[in-house]
Amino acid sequence: MIYSFGTNKEAHGVKGKVLNAVYERALRIVSILDKYYGKNRDVYKNDGGFVFIAENKEDLSYFISHHIDPNNGSYEDAQIFRTEQGYYLDILFLCNNEFSINLLTPARFLPEVSAEVSNRR
């Protein structure tokens, strides 16, 4: 199941369907987007952006084919965070001055990005 959303209201639809730590992280991101870009915006056409949760390799392949490949180093920032089932990455892509995508995915799916983040610590 692919989870992609850009507002607090949409985020509530994934509560209980994804790991709690992933949900909490996503909720913080979209709450900021709602505050600065409006909670009634079209998240794919208007300024702001969205969160994409890739829980498995198929989801990640979809993200790469439809959005951006994190392996090419084109992200602005990446952070590792702990969940109930291991480490996840929060990778921020700035698509332009007013639009971003946060990819939340298990760190084991992107070992090169994970290693880079770990080396910065």
Pairwise side-chain contact, F63 with I101, heavy-atom cut-off 4.5 Å (strictly under): yes
Apply side-chain contact (heavy atoms from CB on, under 4.5 Å) to I53 and D59, showing your working. CA-CA 8 Å; I53 300 173; D59 294 350; over 6 Å; no
With a 4.5 Å heavy-atom cut-off, do Y88 and I80 have their side chains touching? no
Quick one: are L60 and L103 in side-chain contact, heavy atoms under 4.5 Å? yes
Kindly determine whether Y62 and I2 satisfy side-chain contact (heavy atoms from CB on, under 4.5 Å), including the steps that lead there. CA-CA 9 Å; Y62 178 91; I2 292 174; 3.5 Å; yes
Between Y36 and E98, do the side chains contain a donor N or O and an acceptor N or O under 3.5 Å apart? no
Check against side-chain contact (heavy atoms from CB on, under 4.5 Å), F109 and K57: CA-CA 7 Å; F109 293 163; K57 290 194 175 202; 3.8 Å; yes
With F50 as reference, evaluate F5, Y37, Y44, Y3 under the ring pair (Phe, Tyr, Trp, His ring centres under 6.0 Å) test and give the passing residue. Y44
When you measure from the centre of the six-membered ring of Y87, is the NZ or CZ of R108 under 6.0 Å away and within 45° of the axis? no
Is there side-chain contact between V113 and E116, with at least one heavy-atom pair below 4.5 Å? no
Could you walk me through whether I29 and V51 pass the side-chain contact (heavy atoms from CB on, under 4.5 Å) test, one step at a time? CA-CA 8 Å; I29 295 165; V51 172; 3.6 Å; yes
In the structure I gave you, are the side-chain heavy atoms of N8 and L33 within less than 4.5 Å of one another anywhere? no
Using atom types as modelled and distance alone, determine if a side-chain donor or acceptor of S114 lies under 3.5 Å from a backbone N or O of A107. yes
Do L104 and R25 touch side chain to side chain, with heavy atoms closer than 4.5 Å? yes
